[in-house]
Amino acid sequence: INFHALRHWQASMLIEEGWDIREISRRLGHADPSITLRIYTHLFDKQTLPAPISLQNLLEPHTNSSEKYLN
């Protein structure tokens with residue numbers, strides 16, 4: 001493994017862990033976070049947000065409804 005691959009791996013892991021882009025940029029030595037975003041944008045695209053809970057599901061009466069959304 002070469003240095004560039006290790007550097008890319010570190011950035012990938014930090015992005016995956018949800019680190020702030022400014023901190024990642026600083027660690028990589030980029031002059032500006034926009035450089036980091038431009039280089040690693042494909043990794044940010046892979047991040048997904050949790051599916052929203054629909055209003056209908058919130059309003060339906062459920063037994064143990066809190067368990068349904070906490071699991």
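Annotation: the span from Ile24 atom CD1 to Leu14 atom CG amounts to 5.0 Å, rounded to 0.5 Å. Atoms CD1 and CG, from Ile15 and Asp20 in turn, are 11.5 Å apart once rounded to the nearest 0.5 Å. Here CZ of Arg38 is found 8.5 Å from CG of Asp32. Values are rounded to the nearest 0.5 Å.
Trp19 is not listed as a side-chain neighbour of Met13, based on a closest heavy-atom distance of 4.5 Å or more.
Annotation: side-chain hydrogen bond (donor to acceptor under 3.5 Å, both in side chains) contacts involving residues 2-13, sequence neighbours excluded, comprise Arg7-His30.
Taking all atoms of both residues into account, the shortest heavy-atom contact from Ala11 to Leu28 is CB-CD1, 3.8 Å.
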